[in-house]
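Since the structure comes first, as structure tokens, the remarks are kept for the end.
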Amino acid sequence: MAEDKIKLAVYKFSSCDGCQLSLLNLEDELLDLVGAVEIAYFLEARRQVLDPPYDVGLVEGSVSTPEEAERIIQVRKDCKTLISIGACATSGGIQALRNWADAELYKQTVYAHPEYIDSLDTATPIGAHVFVDYELRGCPVNQYQLLELISALLTGRRPNIPTHSLCVDCKRRGYACVAVSKKQPCLGPITQAGCNALCPKFSRACYGCFGPMEQPNIHSLGKMFAEKQDCKPHQMKHLLRSYNGYLEPFKQASEYYEQIEQE
Amino acid sequence: MTKITIDHNTKAILDKKDFARLIKILQEQGYTVIGPHIVDDVVSLRPIDSVKDLPIGYEDEQEKGEYSVKKVDCQSYFQYVVGQDNPRRYFMPPSQRLMSFHVDKKQFVIDQGPPQAPKLAFLGLRACDLASIQIQDRVVGYGVESTFRCESDTYYGETRRQSILIAVNCTRPGNTCFCSSMNTGPKAKENFDIALTELRQSFIVEVGSEKGKKLAQKLPLKEASESDLELAELKLQNAAKHMGRQMETEQVRKLLNNTIEDSHWDKVADKCLSCGNCTMVCPTCFCCTVTDSTDITGTKISRTKEWESCFTHQFSYASGGPQRNTIKGRYRQWMRHKLCTWWDQFGSSGCVGCGRCITWCPVGIDITEEVETLRQSNKSLLNSNNLQEVTT
């Protein structure tokens, strides 16, 4: 039976481990998961490493070092299906903020011995380096979406992962709209659902952990923030440049606000 | 207990001090009472336990894309209008597990069947809400076989049959309300069991059905005086005159049928976020998606029904991609459906004038303004006879 099981690999690149942890946090479903798949490579969970090839590879983190840029090529070769999970792997993550800055200057300022630091000037998503079969958004990913994706792969069906706005989820759950009733700069109307509307549930504006939704109208939302909430271009830029700032079309929009900020 | 004879269309007085009794009786009869209740500074429709849960003394302020409530110095019970919730939350729940089953050897075994319909008492529904329920009845074919268009919905039908509708006539319309234009309010005309009109110390109780009559007979009602009735009537007339919005409905179908390529749709699309908020708060939107899901072992399967919005890609996804791939196409489809093609489909307008879509649109797109802009720029078209006529 064991040889029939699909072999799962979980890789870490530049990241906080939060997405891998959401897999381990499944608790109730974890035994079912290890019953259904063979954990072939998952350093955070199992010391034993099986030889590649693997059927499914989950990649957490962004490519931020020369070593990672090489390693991801091998990872792609080792996995039949490759899935990038979480904001870092799908957009570059919060570390991608350095893509707009002088990384060398940071290195010199922050580290006592900058000569030990061997990093690239940019942090980029996995998809910028190799072909990925699926991308799962979120900072961190929603553990149930992750489970859904793996279940769908095992069954050979299409995963049920919505790409619509967060607002749809908020309204289904009956949470009061923070944009309309509290005049907060909520990114919900341009952000993909998936977090179970965690922030609006606690009356806090969405800050876009799941990245841009399908066809977001960022310009219109920005105009409303400017008119009703006196949101300045640099504030709009910062709103867009957080966990998924380097992901289009957040990237392009943030560059637009940066440009008008300077004018 | 009753001192006066209660019959259909009876109008009587219920003192405010006896209002708690109404909720108590409903609870004793096994109803879960759904009424206005403030959740995170928004008047919502939620289960309530007692009269204390009502937003007594609160007023709301609504504008396009803006909503707020404030406590005012009075003891009024219903001086606010509708919030972001609407009754379909209870008749067609936003997310519902339809069934779940597992595979045992080579057989399917049902673990959980269709959900049981609850017994609900709606307290404080407005005339627009009642009109929306009538529209939904036609959509799912409840009690109106002749206009049956969609798959009949057992859960809806059962919940509807078991529920009791207690309406409140609006004496203080909101700033985004336009029910008088859509001929649905501010006074509840039909489809209620009991309708209340709030006065200073009391309510005028109007009986609208057999179910309402039975409930009214249990209430400590008093004879309504001529002056009470006159005052209530004046308040409602006044409310009808003070709608925050209005929509000219004359020839609106003709207008929307002949302006499909109007450049104004591009302007609306520049603004529209396609976030779906308008469809989620609209009391007549009924679209749902049904999803089947398997667990990690592939042996447990569940089927879930959820609210869906025509503003999502998924909604019109067919071979090759979404059929309405632009925001312009999606907004135009939604608005034309509400005001125009709804007539062809269900024999009525799909808009009840509650104004929710105006208030809860984050960028404040106003359906009444959009109709007016189209009308103004197509005046000559409307007057000409060389137009595509309405088919039905």
Side-chain angles (χ1 to χ4, degrees), chain A residues 26 29-37 147-148 150-160 162-183 186 188-191 193 200-203 213-225 227-228, chain B residues 38-46 62-69 83-85 89 93-95 269-277 279-281 289 291-301 304 306-309 311-315 322 325-327 330 359-365:
Chain A
L26 279 166
E29 293 84 3
L30 199 59
L31 285 178
D32 280 343
L33 178 70
V34 294
V37 302
L147 193 66
E148 163 64 16
I150 299 170
S151 303
L153 277 177
L154 293 181
T155 323
R157 63 177 171 84
R158 208 183 133 172
N160 301 317
T163 54
H164 56 61
S165 75
L166 174 65
C167 302
V168 172
D169 265 16
C170 252
K171 292 294 182 295
R172 280 178 185 158
R173 288 160 189 269
Y175 300 152
C177 179
V178 293
V180 170
S181 72
K182 298 210 163 45
K183 292 198 174 60
C186 180
I190 55 169
T191 298
K201 182 181 181 180
F202 296 101
S203 298
M213 67 179 271
E214 54 191 29
Q215 278 182 330
N217 191 344
I218 304 169
H219 178 70
S220 173
L221 191 72
K223 203 164 163 234
M224 185 275 273
F225 286 171
E227 282 165 9
K228 288 196 176 171
Chain B
I38 293 184
V39 180
D40 279 332
D41 304 323
V42 176
V43 174
S44 308
L45 270 181
R46 298 297 157 90
Q62 304 199 28
E63 227 341 299
K64 44 185 184 181
E66 293 175 25
Y67 181 95
S68 60
V69 284
Q84 86 180 33
D85 278 353
R89 175 168 293 280
S95 181
D270 274 349
K271 208 172 173 189
C272 177
L273 302 168
S274 200
C275 58
N277 272 311
T279 57
M280 293 284 127
V281 296
T289 181
T291 321
D292 288 346
S293 195
T294 49
D295 79 333
I296 190 83
T297 62
T299 56
K300 287 181 193 152
I301 301 116
T304 313
E306 281 182 306
W307 284 357
E308 175 62 298
S309 166
F311 283 87
T312 70
H313 271 182
Q314 170 76 24
F315 183 83
N325 203 13
T326 59
I327 294 180
R330 295 199 283 276
T359 301
W360 298 100
C361 173
V363 291
I365 296 176

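Chain identifiers are assigned alphabetically (A, B, ...) following the order of the sequence lines, protein sequences preceding nucleic acid strands; residue numbering begins at 1 within each chain.
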Kindly give the heavy-atom pair with the smallest separation between [X] and [Y], and that separation in Å.
X       : Y       : value
T312(B) : E214(A) : CA-OE2, 3.3 Å
S151(A) : D295(B) : OG-C, 3.5 Å
N217(A) : D270(B) : ND2-O, 2.9 Å
R157(A) : S293(B) : NH2-OG, 3.6 Å
K171(A) : N277(B) : NZ-OD1, 2.7 Å

Count the heavy-atom pairs under 4.5 Å between each of [options] and chain B, then report the option with the highest count.
options                           : result
N160(A), V37(A), L153(A), L147(A) : N160(A)
H164(A), E29(A), R172(A)          : R172(A)
E148(A), K228(A), K183(A)         : K228(A)

Side chain, backbone, both or neither of [X] within contact of chain B (heavy atoms, under 4.5 Å):
X       : answer
P216(A) : neither
L154(A) : side chain
F225(A) : neither
A36(A)  : side chain

>> The test is side-chain contact (heavy atoms from CB on, under 4.5 Å); show your working for V363(B) and K223(A) and say whether it passes.
In response: CA-CA 9 Å; V363(B) 291; K223(A) 203 164 163 234; over 6 Å; no
Name the region of [X], side chain, backbone, both or neither, that has any atom closer than 4.5 Å to a heavy atom of chain A.
X       : value
F311(B) : backbone
N325(B) : both
V281(B) : side chain
T294(B) : both

Working to the nearest 0.5 Å, report the span between [atom1] of [X] and [atom2] of [Y].
X       : Y       : atom1 : atom2 : answer
L30(A)  : I296(B) : CG    : CD1   : 10.0 Å
I301(B) : T155(A) : CD1   : OG1   : 9.0 Å
I327(B) : S220(A) : CD1   : OG    : 8.5 Å
Q84(B)  : C170(A) : CD    : SG    : 8.0 Å
I190(A) : L273(B) : CD1   : CG    : 8.5 Å
D40(B)  : K182(A) : CG    : NZ    : 4.5 Å

> Is a side-chain donor-acceptor pair under 3.5 Å present for H313(B) with Q215(A)?
Replying inline: yes
> Does a side chain donor of either D41(B) or S181(A) reach within less than 3.5 Å of an acceptor in the other side chain?
Replying inline: no
>> Let's test your reading of the structure: which of E63(B), R89(B), Q62(B) forms the most heavy-atom pairs below 4.5 Å with chain A?
In response: R89(B)
> Top residue by heavy-atom pair count (under 4.5 Å) with chain A, among S95(B), C275(B), G83(B), C272(B)?
Replying inline: C275(B)
> So K271(B) and M224(A), side-chain contact (heavy atoms from CB on, under 4.5 Å) or not? Walk me through it.
Replying inline: CA-CA 9 Å; K271(B) 208 172 173 189; M224(A) 185 275 273; over 6 Å; no
>> Using side chain to side chain donor-acceptor pair (under 3.5 Å), reason through T297(B) and D32(A) one step at a time and then give a plain yes or no.
In response: CA-CA 7 Å; T297(B) 62; D32(A) 280 343; 5.6 Å; no
>> Any heavy-atom pair between the side chains of V168(A) and M280(B) that's under 4.5 Å?
In response: yes
